[in-house]
Amino acid sequence: MTELVFIMGDHRSGTTLLYQLLAATGGFNVVTAYHVINFDQVLADHGAGRSAAARCELAARLGALGISDRKLDGVIVSPDLPEEYGFLLEDGPQPRLRAHN
């Protein structure tokens, strides 16, 4: 049986480091920037056997946009960067992350 683990923490509390360490072990399935940015095509990419190609395309897109790190903390941005799944949540009773908050 697979158990789900959700990691939650305040901004700047070390969750990114923890995500990266857990992902590096290879023992966890993690949500990555690829999953968040391409969430609407991840299953189709997997089914078509083109997940690796889609990751390469995203890496090229990030490079073309000049996105290399998160600026805030210098964490390198790549399609495989473990990322917070909350960015996938639709608007609901709780406000989403906005520039003003």
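In this structure, the side chain of T32 does not engage the main chain of P82 through any donor-acceptor pair within 3.5 Å.
Annotation: side chain of I76 is not in contact with side chain of L81 (no heavy-atom distance under 4.5 Å). S51 places a side-chain heavy atom less than 4.5 Å from the side chain of D45. A heavy-atom distance below 4.5 Å is not found between the side chains of V77 and S68. Side-chain contact between R61 and I37: present, with at least one pair of heavy atoms (C-beta onward) separated by less than 4.5 Å.
Within a 6.0 Å sphere centred on CG of L65, heavy atoms belonging to other residues, nucleotides or ligands number more than 12.
Looking at every heavy atom in both residues, G66 comes nearest to K71 through O-NZ, 4.4 Å. Closest approach of L58 and Y34 over heavy atoms only: CD2-CA, 3.7 Å. Among all heavy-atom pairs drawn from A33 and S78, the shortest one is CB-O, 3.5 Å.
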For the pair V75 and D69, evaluate side-chain contact (heavy atoms from CB on, under 4.5 Å) and give the outcome as yes or no after the intermediate values.
-> CA-CA 5 Å; V75 171; D69 65 64; 6.0 Å; no

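With rounding to the nearest 0.5 Å, the separation of CD in E57 from CZ in R50 is 4.5 Å. Note that NE2 of H35 is 9.0 Å distant from CG of L43, once rounded to the nearest 0.5 Å.
Hydrophobic clustering of Ile, Leu, Val, Met, Phe, Trp and Tyr side chains at less than 4.5 Å, counting indirect connections, unites L18 with F28.
Applying the salt bridge (charged side-chain N to carboxylate O under 4.0 Å, His left out) test to D73 and every residue at least two apart in sequence or in another chain returns R12, R70.
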